[in-house]
Amino acid sequence: MRTVYLNGDYVPENEANVSIFDRGFLFADGVYEVTTVVDGKLIGFDGHIERLQRSLNELKINYKVNREELLTVHRELVARNNIDQGMIYLQMTRGNPGDRDFAFPPEDTPLTVVLFTQEKQIIGTSIETKGLKVVSVDDLRWGRRDIKTVQLLFPSLAKMEAKEKGADDAWLMQDGYVTEGTSNNAYIVKDGKIITRDLSNDILHGITRKSVLACAKLLQMEVEERPFTIEEAYAADEAFATSASGFTNPIVEIDGNKVGTGKPGPVGDRLRALYIAENMKAAI
Ligand code: PMP
């Protein structure tokens with residue numbers, strides 16, 4: 001049984017209880033982060049902490065994130081659960097006001113803070129060689145996708161729609177342009193140029209995206225940050241997606257159309273290799 005963290009305590013998972021009045025449960029009033037673990041070390045930790053603080057600020061949750069304290073909790077959970085490869089999920093909600101009310105509770109209401117581990121093979125999965133299939137689905141999420149809230153019902157529905165169609169994931173579409181995947185950022189490659197949507201409220205500002213674009217720069221690859229259409233994606237030479245736990249994942253089919261050769265492409269492969277090398281060096 002896993003040991004999880006709840007509001008200052010390390011407890012067995014079946015003893016971690018949260019109130020039915022918790023704002024996270026009633027209003028999806030909370031934010032989260034997922035940090036990847038490889039060789040028992042944390043990848044991109046500081047980026048996740050920075051984004052966590054930003055998400056809290058954007059929701060007007062008055063809380064100053066303590067990096068050192070959270071680093072200790074992350075490391076403690078890795079150690080107690082003996083995690084070699086996997087993820088640490090962290091969630092903070094606006095807490096438990098003791099009743100249901102749309103108005104925020106007083107600012108001194110303690111947040112609910114939950115962290116738990118998930119074991120998952122990160123390096124050397126079959127996705128690296130086989131790639132993923134995606135289908136396009138209208139993006140019906142709210143307008144602040146830059147905030148990493150736990151309001152994930154639409155991405156979950158879109159993921160299930162993709163699975164029902166025999167695909168692995170959905171690429172979400174707004175006005176004919178791809179925003180991102182259900183839980184990853186989306187990229188195409190055309191004539192050697194990497195194209196990915198520019199940062200705005202339309203997409204999550206991926207920690208992996210930032211690192212992968214820095215890797216592209218190191219490799220002197222050309223990058224264009226702009227929205228791309230689904231038709232451009234069909235005609236791309238290759239496509240891939242990035243996320244903390246997937247690194248870069250090749251996309252080999254979009255809406256039944258083979259992307260390029262229908263196999264993982266060289267640009268994505270090179271970026272993945274450099275991303276892993278750079279981030280393993282910097283892992284803590
Ligand atoms: N977009 C969405 C909607 C996501 O949920 C995620 C995963 N958290 C990402 C992009 C990728 O972000 P990151 O690289 O920080 O995991």
Side-chain angles (χ1 to χ4, degrees), residues 28 30-38 42-56 58 65 74 85-92 115-116 118 120 122-123 125 127 132 134 136-162 168-174 177-188 194 196-216 225 227-228 239-251 268 271-272 274-276 278-279 282-283:
V31 300
Y32 76 107
E33 283 295 333
V34 179
T35 303
T36 292
V37 179
V38 178
L42 305 165
I43 306 272
F45 181 77
D46 283 292
H48 289 288
I49 292 299
E50 260 171 53
R51 186 171 62 189
L52 174 65
Q53 184 68 65
R54 178 179 183 276
S55 294
L56 290 165
E58 293 301 305
V65 171
H74 278 71
Q85 291 191 27
M87 291 105 77
I88 314 263
Y89 177 89
L90 171 158
Q91 176 168 333
M92 290 185 177
L115 287 93
F116 58 81
Q118 289 186 298
K120 186 189 167 198
I122 304 288
I123 306 237
T125 69
I127 297 172
L132 296 172
V134 300
S136 56
V137 172
D138 253 1
D139 194 340
L140 300 182
R141 296 174 300 166
W142 77 326
R144 288 303 307 274
R145 302 157 192 159
D146 57 310
I147 311 173
K148 199 162 169 63
T149 76
V150 296
Q151 186 196 309
L152 294 172
L153 181 55
F154 186 74
S156 174
L157 288 170
K159 178 104 182 170
M160 291 315 293
E161 186 175 331
D168 303 290
D169 196 15
W171 271 15
L172 304 174
M173 300 278 304
Q174 179 171 283
Y177 292 91
V178 175
T179 51
E180 57 188 333
T182 60
S183 60
N184 45 71
N185 290 114
Y187 308 72
I188 57 171
I194 300 162
T196 192
R197 196 178 178 101
D198 49 310
L199 295 181
S200 68
N201 293 352
D202 294 338
I203 61 169
L204 189 76
H205 302 186
I207 305 304
T208 319
R209 177 187 184 280
K210 188 175 178 186
S211 177
V212 162
L213 292 186
C215 290
E225 292 182 63
F228 59 86
F240 60 93
T242 66
S243 65
S245 64
F247 298 167
T248 67
N249 280 330
I251 306 294
L271 283 172
R272 183 181 175 90
L274 185 59
Y275 174 87
I276 292 173
E278 291 290 314
N279 282 278

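Counting starts at 1 for both ligands and their atoms, following the listed order.
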Any salt bridge between Arg141 and Glu180, counting N to O under 4.0 Å?
yes
Nearest heavy-atom pair of Arg272 and Ile122: which atoms, and what distance?
NH2-O, 3.7 Å
Do you see a donor-acceptor pair shorter than 3.5 Å between the side chains of Asn249 and Asn184?
no
Selected option - heavy-atom contact closest to atom 10 (C) of ligand 1, from Val212, Ile207, Asn184:
Asn184
Which ligand 1 atoms does Arg141 reach within 4.0 Å, using its non-hydrogen atoms?
3 (C)
Verify the distance criterion only: is there a donor paired with an acceptor across the side chains of Tyr275 and Ser211 at less than 3.5 Å?
no
Which residue and atom name correspond to the protein heavy atom nearest atom 16 (O) of ligand 1, and how close is it?
Ala244 N, 2.8 Å
More than 12 heavy atoms of other groups within 6.0 Å of Tyr177 OH
no
Just wondering, do Leu90 and His74 contact through their side chains at under 4.5 Å, heavy atoms?
yes
With the threshold set at under 4.0 angstrom, would you say Ile203 reaches ligand 1 through any of its heavy atoms?
no
Residue, atom name and distance, where the atom is the protein heavy atom closest to atom 1 (N) of ligand 1
Glu180 OE1, 2.6 Å
Nearest non-hydrogen protein atom to atom 14 (O) of ligand 1, with distance, is Thr208 OG1, 2.6 Å
What protein heavy atom sits nearest atom 12 (O) of ligand 1, and how far away is it?
Gly206 CA, 3.5 Å
With heavy atoms of Asn185 as the reference, note each atom of ligand 1 found under 4.0 Å away.
10 (C), 11 (C)
Residue, atom and distance of the protein heavy atom nearest atom 8 (N) of ligand 1 read Lys148 NZ, 2.3 Å
With atoms numbered from 1 as shown, which atoms in ligand 1 lie under 4.0 angstrom from a non-hydrogen atom of Thr242?
11 (C)
Can you tell me the protein heavy atom closest to atom 5 (O) of ligand 1 and the distance?
Ser183 CA, 3.3 Å
Does the side chain of Glu225 come within less than 4.5 Å of Leu213's, by heavy atoms?
yes
Determine, using heavy atoms of Arg51 and all atoms of ligand 1, whether some pair is separated by less than 4.0 Å.
yes
Lys148 and Glu33: salt bridge (charged side-chain N to carboxylate O under 4.0 Å, His left out), yes or no, with the steps?
CA-CA 7 Å; Lys148 199 162 169 63; Glu33 283 295 333; 5.3 Å; no
Check Thr182 against ligand 1 and report side chain, backbone, both or neither, counting heavy atoms closer than 4.0 Å.
backbone
Answer with yes or no whether Met87 contacts ligand 1, where contact means a heavy atom under 4.0 Å from a ligand atom.
no
Non-hydrogen side-chain atoms of Leu199 and Arg209 separated by less than 4.5 Å
yes
